[in-house]
Number of protein chains: 2
Amino acid sequence: MEILVKKSRKQQIEEKATKLFREKGYAATSMRDLAQVLGIEAASLYSHIKSKEEILQKICFRMADQFFAAWKEVEKEQGSFSAKMEKAAIAHVKVITKDTDASAVFFHEWRHLSEPHLSEFLMMREDYEGRFKTIIRNGIENGEFEKVDEKFMMLTILSSLNWTYNWYKPTGSLRPEEIGKQLANLILNGLKK
Amino acid sequence: MEILVKKSRKQQIEEKATKLFREKGYAATSMRDLAQVLGIEAASLYSHIKSKEEILQKICFRMADQFFAAWKEVEKEQGSFSAKMEKAAIAHVKVITKDTDASAVFFHEWRHLSEPHLSEFLMMREDYEGRFKTIIRNGIENGEFEKVDEKFMMLTILSSLNWTYNWYKPTGSLRPEEIGKQLANLILNGLKK
DNA sequence: CCTACCGATCGGTAGG
DNA sequence: CCTACCGATCGGTAGG
């Protein structure tokens, strides 16, 4: 049973903008494009929002907040570093699959943020990536993981997790939790029998 | 010893454009930006190129050609499917690391291609992805690989290989061949000891 | 949420 | 490779 909540005009604007930013890119999306999708004039958008970039900021920082919020689940895991990595993969994939449009914008369009937002964004990303690196480092020191370059490994793991925004379909057979588990399994155990 | 070859103006334009397209995105890069970097007027660019999109087309299809050319090395491999996958990873990473700017544009800006180039591009990508899927499928049928969804696995593998454009530095300690080997090793055997 | 409009900038052309 | 310029479009504002 689906509950229909009436969306505010502002919410509608942000949703449609997210979709357009994903499809055409932030720079190539005009406020007139956005207005047309909503059936209003471009000038009318400014009754609800301050600027085009404000929309981008909302999308990027809301996604960032969700990644950090999801990490709380990871911190509860007290088992092995493999178990921690699996929890991190699941948490990460869950956030992405909840809104693949916003995720696409988050991953690709952040560079159009102006200062000081750009610097803030990059600092948050560094913080988040550091958490994955810490799991890898601790797992290596512990003897649980192979000796690999932790930055190299972190980037490789995150790239495969991040890529889910590109092919995940809510109508598909794999649930987000299952996708996270399978990706963690690949990362930890590999494709070979 | 480095051999300095005099670059044609057209080559210079394409190189600078590649860098700008990567940094700012295709849509956000103006012909005036590009002209300024070259120290000429925007109108002068059109003595050497037909249009802004022509530059994007050159970048995207040149990269595609290189990925296909590199695949010839993969076809020579007559060993196991693991060996084939390693060869594919090395070939793929070699192409990316040869020009990370062009790779970034190839991965992110292709959607700004107009028809019929866009359709042609997507067909080539599908062909290329199919080759990875075939290795995976054959490896599973052969009993060499775990039973996984081949599309899911192909996308995951390619995402981790593709991501190298983002962090590879020619001055770093890892050579492209070594990066390909390590990524293949992770894909095949995982992080766990 | 609209009409009317702003200055700035866009990709590109004409003609030399 | 330049000057001079085109029509189109941009993000955004004033005033209702």
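Since we're looking at a predicted model, the values are computed, not measured. Below, chains carry the letters A, B, ... as their sequence lines are ordered, and counting in each starts from 1.
- Using cut-offs of 30° and 60° for the angle between ring planes, the Phe107(A) and His92(A) rings count as tilted.
- For the contact set between residues 30-50 of chain A and DNA chain D, defined by any heavy atom under 4.0 Å, the members are Ser30(A), Met31(A), Arg32(A), Ala43(A), Tyr46(A).
- The pair Lys58(B)-Glu14(B) counts as a salt bridge, with a side-chain nitrogen and a carboxylate oxygen less than 4.0 angstrom apart.
- For residues 92-106 of chain B, the salt bridge (charged side-chain N to carboxylate O under 4.0 Å, His left out) pairs, not counting sequence neighbours, are Arg22(B)-Asp101(B), Lys94(B)-Glu177(B).
- Between Phe132(A) and Trp71(A), the distance from one ring center to the other falls under 6.0 angstrom.
- Chain B approaches DNA chain D over the interval dC1(D) to dA4(D), counting the first and last nucleotide 5' to 3' with an atom under 4.0 Å from its heavy atoms.
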Identify every side-chain donor-acceptor pair in residues 135-145 of chain A under 3.5 Å, counting partners at least two apart or on other chains, and give the distances.
| from | atom 1 | to | atom 2 | distance (Å) |
| --- | --- | --- | --- | --- |
| Arg137(A) | NH1 | Glu150(A) | OE2 | 2.8 |
| Asn138(A) | ND2 | Thr134(A) | O | 3.3 |
| Glu144(A) | OE1 | Phe81(A) | N | 3.1 |
| Glu144(A) | OE2 | Phe81(A) | N | 3.2 |
| Glu144(A) | OE2 | Ser82(A) | N | 2.7 |
| Glu144(A) | OE2 | Ser82(A) | OG | 2.7 |

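- If you look at Phe21(A) and His112(A), their ring centroids are not closer than 6.0 Å.
- Between Glu75(B) and Lys72(B), no side-chain nitrogen of the basic residue sits less than 4.0 Å from a carboxylate oxygen of the acidic one, so the salt-bridge criterion is not met.
- Using a cut-off of 4.0 Å between Lys/Arg side-chain N and Asp/Glu carboxylate O, Lys76(A) and Glu73(A) are scored as salt-bridged.
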Between side-chain atoms of residues 37-51 of chain A and protein atoms elsewhere (two or more places apart, or another chain), which donor-acceptor pairs fall under 3.5 Å?
| from | atom 1 | to | atom 2 | distance (Å) |
| --- | --- | --- | --- | --- |
| Ser47(A) | OG | Ser44(A) | O | 3.3 |
| Ser51(A) | OG | Glu54(A) | N | 3.2 |

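- In DNA chain D, runs of at least 3 consecutive Watson-Crick or G-U pairs, each pair with both distances below 3.5 Å, span C:1-16 with D:1-16.
- Considering Tyr128(B), Tyr26(B), Tyr165(B), Phe67(B) in turn, Phe67(B) is the only one that fulfils the ring pair (Phe, Tyr, Trp, His ring centres under 6.0 Å) rule with Phe106(B).
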